[in-house]
Amino acid sequence: MKTMTELNHEYAEIIRQNYSENLKTAQKMVDYMRQSTAVYRGEPVACLYMPKFFSQAAWDYLNKVAATICGILDKVIQQYFSDEQYRRLFPFDNELERLILAESGYKTLLPIARLDIFFNEEDFSFKFCEFNADGASAMNEGRELDNALANSHALQQMRQNYNITSFELFDSWVAEFAKIYEQYSEKTGATKTPRVVITDFMDLSTPNEFIEFKKSFQKAGFDTEIAEIRDLIYQNGKLYTIDGEKVDAIYRRAVTRDIIEHKAEIQPFLQAALDNSVCIIGHFRTQIIHNKMIFMILRMPETLAFLTEEEQKYILEHIPKTEPLTSRAAANIAKNKDLYIIKPQDLYASKGVYAGVDMSEEDWQTAVKNAVDTQYLLQEYHKPYQTQNLNFNHPQTANSPNFETYNNITGMFMYNGKLQGLYSRAGQKGTISYSAGGLTIASMLATPIDN
């Protein structure tokens with residue numbers, strides 16, 4: 001069975017041997033993506049030409065990785081609910097805590113998440129980067145990139161020897177959403193067939209992905225609408241859209257930080273959540289693991305105390321050391337910038353994240369100084385696994401491929417506690433994000449064809 005590294009090398013060799021043909025299909029891929037619905041902040045999502053092929057062994061291993069961390073995170077959420085002293089470790093004010101502790105109407109603690117890791121494709125070692133629970137996204141990027149690459153020359157050649165499958169992330173989520181809602185319906189007596197609303201702050205989001213989810217919900221038989229969260233109306237214990245349509249279930253894409261910052265504008269939604277008069281998936285309890293303080297809290301004695309010995313070892317090995325960025329901590333890292341990264345507790349899309357490896361000594365010192373005692377975290381920096389890839393978003397020579405080295409990050413999409421698919425991104429800086437020039441890579445499972 002081929003390893004991920006061997007699959008990558010084999011694909012690169014196909015491109016080298018048939019470069020002129022791949023140059024043509026690569027340009028078609030770029031053209032497709034520039035016109036596609038994969039958009040970030042109004043701009044088309046840029047991508048690399050070579051997919052990331054996950055071997056069966058890697059997929060099986062990541063299933064175990066995902067199952068273990070989800071089991072741990074479930075325990076953390078349960079402990080938060082049952083132990084008032086444990087709740088004091090988290091940086092939530094009384095209002096947010098009240099939302100978190102509100103009844104959800106279903107048992108599932110973490111309905112949907114994307115858990116990002118730095119995954120070494122050779123020895124399967126890894127470190128977690130972050131947990132995205134509120135508004136977990138990027139499903140549409142993978143879908144569009146799969147479409148863009150479907151007829152690429154190298155992929156067609158690769159399919160002659162391998163079964164290559166992509167990860168389906170829309171219909172599968174609707175199926176899990178329905179299972180969670182069924183729990184709510186049985187407990188509360190709500191209608192068996194809900195009217196679903198996908199909601200967010202539309203001026204802070206890119207709704208193209210919502211449209212794809214809406215199609216999947218409708219295909220499954222659910223009356224579905226995309227609605228601005230500010231426009232929801234709460235009357236007589238019922239939540240309605242601006243058009244007066246009753247809302248039974250919400251697929252919440254609005255991240256908690258945005259909700260708290262705009263709470264005065266969305267009081268009907270918040271009151272419905274507190275009253276449990278509508279099924280909200282995911283519930284505010286996801287903020288417990290979404291806030292980046294979770295990395296520090298996971299390593300605390302208070303958390304390790306209720307974990308098994310195996311889970312304790314897992315946490316200490318795979319969760320990077322994290323602490324508040326205080327004046328004392330800043331003094332200790334002054335001369336070792338390449339070993340650290342600083343990030344705000346609760347921003348998203350890599351806003352305000354600084355990796356020492358990307359900065360001059362002067363700029364690093366300035367960034368650290370400005371962040372000290374301002375709800376920033378200091379974290380040990382983990383060097384990402386690197387692979388070779390091709391970026392055809394810029395003009396290329398017609399003679400030979402220009403392979404470049406990229407840092408890699410892998411996202412694990414978790415639906416109702418199960419690993420449903422993978423997401424890959426790469427970049428040439430210490431932070432692998434769009435704001436730092438990051439690019440999306442198609443993620444595919446490749447297994448040999450039995451001849």
Side-chain angles (χ1 to χ4, degrees), residues 2-19 22-23 25-27 29-30 33 40 45-55 58 62 116-130 138 141-142 145 148-149 152-155 158 320 337-341 350 353-360 363-364 379-411 422-444 446:
K2 294 288 185 71
T3 66
M4 290 184 67
T5 303
E6 289 170 336
L7 290 168
N8 184 71
H9 289 168
E10 183 174 342
Y11 200 78
E13 189 58 31
I14 291 173
I15 295 173
R16 289 189 183 96
Q17 293 178 6
N18 305 273
Y19 183 59
N22 280 282
L23 188 60
T25 55
Q27 189 56 55
M29 175 203 72
V30 172
M33 291 300 292
Y40 179 73
V45 169
C47 56
L48 295 173
Y49 185 58
M50 294 176 59
K52 183 175 292 297
F53 294 109
F54 290 87
S55 64
L62 290 173
D116 293 347
I117 64 172
F118 296 115
F119 180 56
N120 187 308
E121 298 170 18
E122 295 178 40
D123 63 13
F124 290 5
S125 60
F126 67 93
K127 288 275 189 180
F128 281 98
C129 173
E130 65 180 6
E141 293 173 26
L145 186 48
L149 286 170
S152 64
H153 182 274
L155 189 59
M158 196 75 167
K337 70 178 183 66
D338 290 358
L339 301 179
Y340 298 99
I341 189 168
S350 296
V353 177
Y354 301 100
V357 295
D358 290 336
M359 308 175 75
S360 66
D363 288 344
W364 172 250
Q379 194 171 84
E380 62 177 345
Y381 177 74
H382 181 77
K383 185 177 180 180
Y385 183 77
Q386 295 182 323
T387 57
Q388 297 289 302
N389 214 311
L390 292 164
N391 183 358
F392 286 103
N393 296 284
H394 308 294
Q396 297 289 317
T397 173
N399 299 319
S400 60
N402 178 29
F403 290 95
E404 296 181 280
T405 301
Y406 290 88
N407 295 325
N408 288 249
I409 191 168
T410 299
L422 300 170
Y423 170 72
S424 302
R425 187 180 289 170
Q428 295 180 311
K429 293 185 177 180
T431 54
I432 307 172
S433 64
Y434 290 132
S435 58
L439 303 100
T440 302
I441 307 177
S443 300
M444 301 178 181

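Excluded from the calculations below are hydrogen atoms, water molecules and symmetry mates; all remaining heavy atoms, backbone and side chain alike, are included.
- Using modelled atom types, no side-chain atom of Y406 and backbone atom of R425 make a donor-acceptor pair closer than 3.5 Å.
- Residues that satisfy the ring pair (Phe, Tyr, Trp, His ring centres under 6.0 Å) test with Y49, not counting sequence neighbours, are F392.
- Closest heavy-atom contact between G427 and I432: N-CG2, 3.6 Å.
- One side chain, E141 or Y423, offers a donor N or O that lies under 3.5 Å from an acceptor on the other.
- When atom types are taken as modelled, the side chain of N408 and the backbone of Y385 share a donor-acceptor pair closer than 3.5 angstrom.
- In plain terms, the two heavy atoms of P401 and I15 that are nearest each other are CB-CG2, 4.4 Å.
- In K429, the NZ atom is not crowded: 12 or fewer heavy atoms of neighbouring residues, nucleotides or ligands sit closer than 6.0 Å.
- Closest of all the heavy-atom pairs between D358 and T431 is OD2-N, 3.3 Å.
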| request: Could you walk me through whether S433 and V353 pass the side-chain contact (heavy atoms from CB on, under 4.5 Å) test, one step at a time? | output: CA-CA 10 Å; S433 64; V353 177; over 6 Å; no

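- Nearest heavy-atom pair across Y340 and W364 is O-CH2, 3.9 Å.
- Atom CE of M50 is separated from atom CG of N8 by 4.0 Å, given to the nearest 0.5 angstrom.
- Judged by distance alone, with hydrogens and angles left aside, the side-chain atoms of S443 form a donor-acceptor pair with the main-chain N or O of S424 at under 3.5 Å.
- Checked against the 6.0 Å centroid criterion, the rings of F118 and F126 do not qualify as a close aromatic pair.
- Contact record, N393 with C47: ND2-O, 2.9 Å, taken as the closest heavy-atom pair.
- Residues L390 and N22 have side chains not in contact (no heavy-atom distance under 4.5 Å, counting atoms from C-beta outward).
- The CD atom of E6 sits 10.0 Å away from atom CD of E122, with the distance rounded to the nearest 0.5 Å.
- In this structure, the separation between OG1 on T387 and CZ on F403 is 11.0 Å, given to the nearest 0.5 Å.
- A distance of 9.5 Å separates CD of Q388 from CG of N402, quoted to the nearest 0.5 Å.
- By the neighbour-count criterion of 12 heavy atoms within 6.0 Å, atom OH of Y354 is sparsely surrounded, having that number or fewer from other residues, nucleotides or ligands.
- Minimum heavy-atom separation, M444 to P51: SD-CB, 4.1 Å.
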| request: Any chance you could lay out the side-chain contact (heavy atoms from CB on, under 4.5 Å) test for N389 and L439, step after step, and finish with the verdict? | output: CA-CA 11 Å; N389 214 311; L439 303 100; over 6 Å; no

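- Atoms OG1 and NZ, from T440 and K52 in turn, are 12.5 Å apart once rounded to the nearest 0.5 Å.
- Remark: N407 CG to K383 NZ distance equals 8.0 Å, nearest 0.5 Å.
- E380 contributes no side-chain N or O that, together with a main-chain N or O of L339, makes up a donor-acceptor pair within less than 3.5 Å.
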